[in-house]
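Because only heavy atoms are used, hydrogens play no part in the values below, and waters and symmetry mates are left out as well, while side chains stay in. Bear in mind the structure is a predicted one, so any value in this text is a computation, not a measurement. So you know, we letter chains A, B, ... as the sequences are listed, proteins then strands, and number each from 1.
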2 protein chains.
Amino acid sequence: MDDDCTIYKTADFIGKRWTLVIILALYKGNGTKRYTELKREISGITSKILSLRLKELEKQGLVKKRIDTSTVPISCYYSLSKIGADFIGIIKDMKSWALKWNIDNRVCSMSNCKNCKL
Amino acid sequence: MDDDCTIYKTADFIGKRWTLVIILALYKGNGTKRYTELKREISGITSKILSLRLKELEKQGLVKKRIDTSTVPISCYYSLSKIGADFIGIIKDMKSWALKWNIDNRVCSMSNCKNCKL
DNA sequence: CAGGATCCAAAAGGATACTG
DNA sequence: CAGTATCCTTTTGGATCCTG
């Protein structure tokens, strides 16, 4: 397997645990969220994993981070970049595909999923 | 994180190592391939992982398996189901997305990737 | 507030050998 | 041929505590 292949790498990173959840959390706010907000919203995630994933997403360019140093302590704001926002379409397609074919009897439906709301 | 959510589950399983490679191997042949053929074609994969992934994909309905018992030893043929074939579109979209935004300086390009040929 | 450090448990994957 | 079984290494994630 060639780790340099675009789609393998893409699938590898979106398949990572919590990554999609974080993207969707940022999408749902469709604005900007702080670290602690995200942590509170995404139930079950630990600080370590959240910061780790955010760093990965930032590196990949999906997430933008803004730091406000004028406050004490400093405030960090996260939001989807254009790249990240553009990825939402693919997530929607994945959902449509899964629902169309009824993959692995899922509970959420196109119109109302308590998590993704797509 | 709700493990019942459609898109999390979908991302989880396509993000698994080798899964995408196997789907693409079956797509490229766009016909039917035998276990040993797949193993030979996908360099680096072990018997264990290949059979494990094939089983998962079969369970999810992406892959169909046909067994010919009239031969000795028996012959097994794998191919993409309609569901699996329909998923190729999403893979293509993922690739387009990654290339459009130039994610993580990859080496393959839209027109010629030695692996995926999409 | 926004993490980093450390330690530990669990899971996934690889190597190798074997079989109906 | 088409896998299983076993063992072992590596990776990943979680819990907990700590800090500028």
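The phosphate of D:dT11 has neither OP1 nor OP2 within less than 4.0 Å of any side-chain N or O from B:Arg17. A close approach under 4.0 Å does occur between a side-chain nitrogen or oxygen of B:Ser51 and OP1 or OP2 of D:dT4. Taking 4.0 angstrom as the limit, B:Lys33 places none of its side-chain polar atoms (N or O) nearer than this to OP1 or OP2 of D:dA2. The side chain of B:Trp18 contributes an N or O atom lying less than 4.0 Å from OP1 or OP2 of C:dG14. Phosphate proximity of D:dT4 to B:Ser47: absent, as no side-chain N or O sits under 4.0 Å from OP1 or OP2. Side-chain N/O atoms of A:Lys16 include none lying less than 4.0 angstrom from OP1 or OP2 on D:dG13.
Nearest-nucleotide positions on DNA chain C place A:Pro73 closer to the 5' end than the other of A:Leu52 and A:Pro73. If A:Arg53 and B:Thr36 are placed on DNA chain D by their nearest nucleotide, the residue sitting closer to the 5' end is B:Thr36.
Here D:dC1 presents its C1' atom at 15 Å from CZ of B:Arg66, a figure rounded to the nearest Å. Straight-line distance from the CD1 atom of A:Ile45 to the C1' atom of D:dG14: 11 Å, rounded to whole Å. If you take CD of B:Glu41 and C1' of D:dC1, they are 17 Å apart, rounded to a whole angstrom. One atom, CG of A:Leu50, and another, C1' of D:dG13, lie 14 Å apart when rounded to the nearest Å. What separates CD1 of A:Ile74 from C1' of C:dA2 is a distance of 7 Å, to the nearest Å. Atom C1' of nucleotide D:dT11 and atom CZ of A:Phe13 are separated by 19 Å, given to the nearest angstrom. The CD1 atom of B:Ile49 sits 15 Å away from the P atom of D:dG3 (whole-angstrom rounding). As rounded to whole Å, 10 Å separates atom P of D:dA2 from atom CD1 of B:Ile67.
Between the side chain of A:Lys48 and the base of C:dG3, no donor-acceptor pair under 3.5 Å is found.
If you check the side chains of A:Thr32 and A:Arg66, you find no donor sitting under 3.5 Å from an acceptor.
With C:dA2, D:dG14, D:dG3 as the choices, the nucleotide that has an atom nearest any side-chain atom of A:Arg34 turns out to be C:dA2. Residue B:Tyr78 has its side chain nearest to D:dG3 when only D:dG3, D:dG14, C:dA15 are considered.
Annotation for A:Thr71 and A:Pro73: closest pair OG1-O, 2.8 Å, computed over non-hydrogen atoms. Here the closest non-hydrogen pair linking A:Ala25 and A:Lys33 is O-NZ, 2.7 Å. Across every non-hydrogen atom of A:Ile45 and A:Ile22, the tightest pair is CD1-CD1, 4.1 Å.
Salt-bridge check for B:Lys100 with A:Asp86: passed, with a basic side-chain N closer than 4.0 Å to an acidic carboxylate O.
As judged by a 4.0 angstrom heavy-atom cut-off over every strand, A:Thr71 is placed among residues making no nucleic acid contact. B:Tyr77 comes within 4.0 angstrom of nothing in the nucleic acid, heavy atoms only.
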Check your understanding: Yes or no on side chain to side chain contact (heavy atoms under 4.5 Å, CB included) for A:Phe13 and A:Leu62, after CA distance, side-chain angles and deciding distance?
Key -> CA-CA 12 Å; A:Phe13 102 87; A:Leu62 300 185; 3.3 Å; yes
